[in-house]
Amino acid sequence: MGSTEEETTGTAKPITPYDAASSSEPLLFKPNASSTYPSPPIEEPPQPDRSESEPTQFIQISFNYGPRPFKDLPFLFVFLLSILCTFAFGIFSIFHRNHNYSNVSTFTYDSSSSSCVQGISLSSNPIWVLKTSVFSSSSSSLWTYVAWTLVITLVLSAPICFLLLLLLKHYTKQIVYVLLPFFVIVPIFFDVYWFVACTLSSSCSDTFPLVYRILLLVFVLLGVGVIVWIFLANWHRIELTVRIIGVATYALSRNLGLFLVIPLLTAGLVVYYAPIVVFLVFSTFNGKIVAKELNGEYTCVWKQDSWVPAYFTLAILTMLWSLTTMVEAQVYVISGTIAQWYFSKDDEKPHRSIRRSLRNAFGHSSGTVCLSGLLICVVRVVRAAVDSAKEDVPGIVNLVLRCCVNALMSAIEFLNKFTINFAAITGEAYCTAARMTYELLRRNLLSAVFVETISTRLLAGVIFVFSAVYAIVVCAILKGVSDLGDNTYIVAGLAWVLLIVVLSFFVHVLDEVIDTVYICYAIDRDKGEVYKQEVHDVCAHLPISRNSRSSFPSRTLGV
C-alpha cells in the first residue's frame, strides 16, 4: 500500500518488532520480489495450492483512488422505487383529498336519503380557540426564554464541540482523569438537590410522596454504584482507552471539514422528510363521510380510503430506510476521509478527500450504502416489534423466541460493524466487504468486536459532565435575569438536552473515526507496513483474538 516510488525502488516503511514477530501471513497480498519483509527465508509447512481451493485470489488492500464500479445496484433501484411511490401517492393524496374532512361535525344523518348531509357550519373551531387562548396566555414569557435559550445554546454548541476536540487532542489524559470523579459527583449532586428541593416545595411534595422520593433517591445512587463498579473493573484499560481517544481526536482534527459536511447531510435529510410529512397529513384527508349505526342510532363518521393505511406503512418504512441509509452514508464519508488521511505520506492532508468520499457514497457505492441501511432498518424494526409484542406465548417458549430473535439481530449488527468502513476504503460490494473484513481481522488475530467499547462510555460521561455544567450555568443566569421561578429548571433542562444531542453527534463521529483507524491498522498489519506509527504504538497493545490463534501458522524469521 506504499507509493509507486517505494514499489519500484524496493524500499519499505519501518516495521515495529511487534508487527514483525506477531503478524501472520498477509491477507489479500501476494509476496513478490519487492516484498517489504526481510530477506531471510520463512519456513512454513507445506500447504495445498490456494489457486485450486480458493478461486478468489488475494489482492493488495489499499484505498481505491481509481474509478470504482457500481455495486449492489438492485438495492439502489428498490430504494429509489420506494421513494418514487411515496412521492407519487403523496401528490395524488393532495389532489384527491376530501375538503369536508374538517367539517365532519356539521354533517347529520338524513333518514329520507339514508345518507349524511351537511348542516350549518360552526363559526369557530373550539380546538382552535383553545389553542389560541393557550398560546396567548401569560406563558408567552416562558416561551420567549425557551426560544432564546435554545437558540443561544445551538449557536454556542459549535465552539463547545471545537473546544472539546482541542482539549481531547492535547490533554486527553488530563481531561479524562479530572472528569472521572465528576461521573459520580454530578449524578449524586442532582439526585440529592432534587430530593431536598422537592421536599421543601409544597407542590412537589404533594405530587411525589416521601416514599417515591426515597425510592428515586436510592435508585439513582444504585446506578452511580454500577458506574463506579464498571470503572473499577476496567481500570487497567483506562490508560489504553485514553490513548485511543487521543489518536482518534488527532485524526479528526486533521479532517475538520467533516464537522461541516455531516451536519449538512443531516439537514438535507430533514428537508427530504418535510414533503413526506406533508403527504402523510394530506393522506388522512382522503376518504368520505358515511353513516354508522351506533346503539340503534345513525351518526356520521369519517371513513378513510382503503389505500391510506398501506400508504402510511410505505411512507414510514421509506422514512426509516432513508434515515438508516443516511446514517450509513455518513459513516461511509467519515471512513473514506479518515482512510485517505491514514494512508497519506508524512501526515499530509489529501486533496479533496471529503469530496471524493461524498462522490463514492452517493455514486458508485450508493447501492452498498442502501443495502447497509436496509439491514440496520430491518434490525431496528424487528427489535421494536419483539419488544412491543404482547405476551401471547406463555412461559419458556416466549423467552426462547425472544432470545433467538435478539441473537439473530445482534449477529447482523456484528456483521455490519466494520463492513461499511471497509467498503468505503476499497469500494467493494457489501457481501464481499463483509467477508474480506472478517478474513482480514481473523487473519491478523484481531478481534472482530472492537475491544475498547469503554471509550464510548468515557466519551458519554465527558459530554454528560460538560452539558451538566452548562445547564447549571444557564440555570444560574436565568435565576438572576428572570422571574420564571420553578420554570427556570425546565428551561435549563431543555438547554441541557439540546447540548447533549449536539455533543452526542460529536461522539458518534469520533466513534466512527476510531473504527476506521482500527480497520486501517489491520490493513497495515496485514501488509507489514506502518503508515501511522502513533496508531501502531497504541493498537499494538490491544488484546489479540485467542479464538483464531490456532487457526493460522505463526510467522518465524530465519536466523
Query - Residues Tyr470 and Thr153: side-chain donor-acceptor under 3.5 angstrom - result: yes

Report task. Taking atom OH of Tyr171 as the centre, report whether more than 12 heavy atoms of other residues, nucleotides or ligands fall under 6.0 Å from it. Result -> no

Requested in this report: I would like to know whether Asn360 and Arg68 meet side chain to side chain contact (heavy atoms under 4.5 Å, CB included); could you show each step before the answer?
Outcome: CA-CA 8 Å; Asn360 293 332; Arg68 300 184 177 187; 3.6 Å; yes

Query raised in the report: Do Val78 and Cys370 come within less than 4.5 Å of each other through their side chains, counting heavy atoms only?
Result: no

Requested in this report: Would you mind reporting whether Leu258 and Ile338 have side-chain heavy atoms less than 4.5 Å apart?
Outcome: yes

Query raised in the report: Taking C-beta and beyond as the side chain, do Thr419 and Ser372 meet within less than 4.5 Å on heavy atoms?
Result: no

Query raised in the report: Just wondering, are more than 12 heavy atoms of other shown residues or ligands nearer than 6.0 Å to CZ in Phe162?
Result: no

Requested in this report: Determine whether Val369 and Phe75 make a side-chain contact, defined as any pair of heavy atoms from C-beta on separated by less than 4.5 Å.
Outcome: no

Query raised in the report: What residues, two or more places apart in sequence or in another chain, satisfy ring-ring contact (aromatic ring centres under 6.0 Å, His included) together with Phe79?
Result: Trp321

**Report entry** Non-hydrogen side-chain atoms of Phe343 and Asp524 separated by less than 4.5 Å
**Finding:** yes

Query raised in the report: Are Phe418 and Tyr518 close enough that their ring centres sit under 6.0 Å apart?
Result: yes

Query raised in the report: Do Gln340 and Ser353 meet the criterion of a side-chain donor-acceptor pair at a distance under 3.5 Å?
Result: no

Query raised in the report: Once the angle between the rings of Phe259 and Phe506 is folded into 0 to 90°, is it parallel (under 30°), tilted (30 to 60°) or perpendicular (over 60°)?
Result: parallel

Report task. Just jot down the ring-ring contact (aromatic ring centres under 6.0 Å, His included) partners of Tyr65, sequence neighbours excluded, or say none. Result -> Phe63

Query raised in the report: When you measure from the side chain of Asp515 to the backbone N and O of Asn421, does any donor-acceptor pair fall under 3.5 Å?
Result: no

